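What you are looking at is a predicted structure, and each value in this text was computed from that prediction instead of being measured.
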Amino acid sequence: MANLHNVTEFIFLGLSPNQKLQKICFVIFLLLYTAIILGNFLIVLIVIISRSLGSPMYFFLSYLSFVEICYSSTTAPKLISDLLAERKSISLWGCITQVFFFHFFGGIEMFLLTVMAYDRYVAICKPLHYTSIMNRQVCAVLLGTAWTGGFVHSLAQILLIFHLPFCGPNVINHYFCDVLPLLKLACSDTFLIGLLIVINGGTLTVISFVILLASYVVILFHLRTQSSEGQRKALSTCGSHVTVVVLFFAPCVFIYLRPSNTTSVDKMVAVFYTMITPLLNPVIYSLRNAEVKKAMKTLWIRTMKLVKNRD
């Protein structure tokens, strides 16, 4: 790769050139990132220590929260530190590394959401066989498949841009490295590579989203024969997942299935799926799920008792 370019670093233009606005954004994003870490870590902790949350749904939810922490951490720390820096730079290899882990954890989340939809399908449409179908071995295989799928997706993205020649300019009109902004800086024809990137990323997103929609269409048809109480309970658990799916996939489709043209709108959409969505996920699952709220209350009571006993 070193023989194909003379660029050793890239410069980010960031969210805004306004210094005062950047300082305000620094405080806002620092608080958002802290909330992401604490909120998703709380979900992981509750699932681990709570016996009532031992079903496969919560098993996958805990890993989804863990992935959310990793996913946001690929861009948020750099964004926050750059908001106070006059020169927002990143090395070439740092940029490549950021692209890899951004798509790695993003791919894992995509596959995990699909797996969680399958889990809901089995739980609602085949309740008598749920424990036998979604046993520990199957859950482990599905989880491993999600991580493998994320790795393969990310590796494909990296291989497509790895040998691109970068000879200047080196200014990225964004706040983090991604494949589409990098294509603009390459000193060669990138039409074919851009098409392959869309096929790899965009098509995968659409196919996963269609599978998710199909799963919930089947679930809705199945619920027609259920009692009103059964419908309410099923829709309550599925509603949280559907909300998270829409929040994750809608921005991805907007960014990766349209012509590459980084604007202020694209940056705001990127902020949404890298910062807002990981923050909303634990809120959605905790507020719309009675079992999670009950487990949180139990954890709070335990913590307060431990504090009182120490005093």
**Request:** Let me see the working for Asn173 and Lys184 under side-chain hydrogen bond (donor to acceptor under 3.5 Å, both in side chains), right down to the final yes or no.
**Result:** CA-CA 10 Å; Asn173 185 21; Lys184 289 185 174 183; over 6 Å; no

**Euclidean distance, Ile161 CD1 relative to Ile197 CD1, rounded to 0.5 Å** = 6.5 Å

**Close side-chain approach of Thr8 and Ser91, heavy atoms under 4.5 Å** = no

**Prompt:** So do Met134 and Cys139 actually touch side chain to side chain, heavy atoms under 4.5 Å?
**Reply:** yes

**Item:** Summary of salt bridge (Lys or Arg N to Asp or Glu O under 4.0 Å) pairs that have at least one residue in residues 85-103, sequence neighbours excluded
**Value:** Glu9-Arg87

**Hydrophobic cluster identity match, Val152 and Ile211, side-chain contacts under 4.5 Å** = no

**Request:** Could you tell me whether a side-chain N or O of Ser50 sits under 3.5 Å from a main-chain N or O of Val47, the two making a donor and an acceptor?
**Result:** no

**Message:** Is the distance between the ring centroids of Phe176 and His174 under 6.0 Å?
**Reply:** yes

**Asked** When clusters are formed by joining ILVMFWY residues with side-chain heavy atoms under 4.5 Å apart, either directly or through shared neighbours, do Val244 and Val246 land in the same one?
**Response** yes

**Request:** Please confirm whether Phe29 and Tyr33 have ring centers closer than 6.0 angstrom.
**Result:** no

**Fill in**
Exactly one candidate in Gln98, Gln157, His103 meets side-chain hydrogen bond (donor to acceptor under 3.5 Å, both in side chains) with Asp178; the answer is His103

**Message:** Check for me, please, whether Met57 and Val141 land in the same ILVMFWY cluster - side-chain distances under 4.5 Å, paths through other members count.
**Reply:** no

**Request:** For Tyr130 and Arg120, work out which heavy atoms get closest and say how close.
**Result:** OH-NH2, 3.6 Å

**Request:** List the steps and the verdict of side-chain hydrogen bond (donor to acceptor under 3.5 Å, both in side chains) for Ser72 and Tyr273.
**Result:** CA-CA 9 Å; Ser72 61; Tyr273 67 74; over 6 Å; no

**Request:** Decide yes or no for Asp119 and Val115: does some side-chain heavy atom of the first lie under 4.5 Å from some side-chain heavy atom of the second?
**Result:** no

**Request:** Take Leu142 and Phe60, measure what side chain to side chain contact (heavy atoms under 4.5 Å, CB included) needs, and give me the verdict at the end.
**Result:** CA-CA 9 Å; Leu142 291 174; Phe60 293 123; 4.2 Å; yes

**Over all atoms of both residues, closest heavy-atom pair of Leu15 and Tyr175** = CD2-CD2, 3.5 Å

**Message:** Distance check, rounded to the nearest 0.5 Å: Ser16 atom OG versus Leu21 atom CG?
**Reply:** 4.5 Å

**Message:** If I take atom CZ from residue Phe12 and atom CG from residue Asn170, how far apart are they, to the nearest 0.5 angstrom?
**Reply:** 11.0 Å

**Complete:** Value for CG (Leu212) from OH (Tyr118), rounded to nearest 0.5 Å, stands at 14.0 Å

**Message:** Can you confirm whether Phe59 sits close enough to Leu143 that some side-chain heavy atom of one is under 4.5 Å from a side-chain heavy atom of the other?
**Reply:** yes

**Asked** Atom CD1 in Ile80, atom OG1 in Thr34: separation rounded to 0.5 Å?
**Response** 7.0 Å

**Asked** Should Trp93 and Leu159 be regarded as members of a common hydrophobic cluster, given that ILVMFWY residues are connected when their side-chain heavy atoms come within less than 4.5 Å of each other, either directly or indirectly?
**Response** yes

**Message:** Would a single hydrophobic cluster contain both Val138 and Ile124, if residues Ile, Leu, Val, Met, Phe, Trp and Tyr are joined by side-chain heavy-atom contacts under 4.5 Å?
**Reply:** yes

**Prompt:** Any side-chain heavy atom of Ile43 within less than 4.5 Å of one from Phe66?
**Reply:** no

**Request:** Could you check Leu79 against Asp82 for side chain to side chain contact (heavy atoms under 4.5 Å, CB included), going step by step and ending with a plain yes or no?
**Result:** CA-CA 5 Å; Leu79 167 63; Asp82 280 348; 5.8 Å; no

**Message:** So which atom in Thr277 and which in Leu247 form the shortest heavy-atom distance, rounded to 0.1 Å?
**Reply:** OG1-O, 3.4 Å

**Heavy-atom pair of closest approach, residues Ala295 and Leu53** = CB-CD1, 3.7 Å

**Message:** For a side chain to side chain contact (heavy atoms under 4.5 Å, CB included) check, start with the C-alpha distance between Glu68 and Ile36, then their side-chain angles and the critical distance, and finish with the verdict.
**Reply:** CA-CA 8 Å; Glu68 290 285 26; Ile36 289 170; 5.5 Å; no

**Request:** Kindly say whether the aromatic ring centers of Tyr71 and Phe104 come within a distance under 6.0 Å.
**Result:** no

**Request:** Please tell me if the side chains of Ile133 and Lys126 come closer than 4.5 Å, counting only heavy atoms from C-beta onward.
**Result:** yes

**Prompt:** Does some side-chain heavy atom of Leu180 sit less than 4.5 Å from a side-chain heavy atom of Leu183?
**Reply:** yes

**Prompt:** How close do Val99 and Val179 get, heavy atom to heavy atom, and via which atoms?
**Reply:** CG1-CG1, 3.8 Å

**Message:** Less than 4.5 Å apart, side chain to side chain, heavy atoms only: is that true for Ile90 and Lys78?
**Reply:** yes

**Request:** Give the C-alpha distance, both sets of side-chain angles, the deciding distance and a yes or no for side chain to side chain contact (heavy atoms under 4.5 Å, CB included) between Val44 and Tyr63.
**Result:** CA-CA 7 Å; Val44 174; Tyr63 276 96; over 6 Å; no

**Message:** Counting only heavy atoms not in Phe151 (residues, nucleotides, ligands), do more than 12 fall under 6.0 Å from its CZ?
**Reply:** no

**Prompt:** What is the minimum heavy-atom distance between Pro77 and Ser73, and which atoms define it?
**Reply:** CD-O, 3.2 Å

**Asked** Can you list the residues that meet the ring-ring contact (aromatic ring centres under 6.0 Å, His included) rule with Phe10, with sequence neighbours excluded?
**Response** Phe166

**Rounded distance (nearest 0.5 Å) linking atom OG1 of Thr190 with atom CG of Leu164** = 7.0 Å

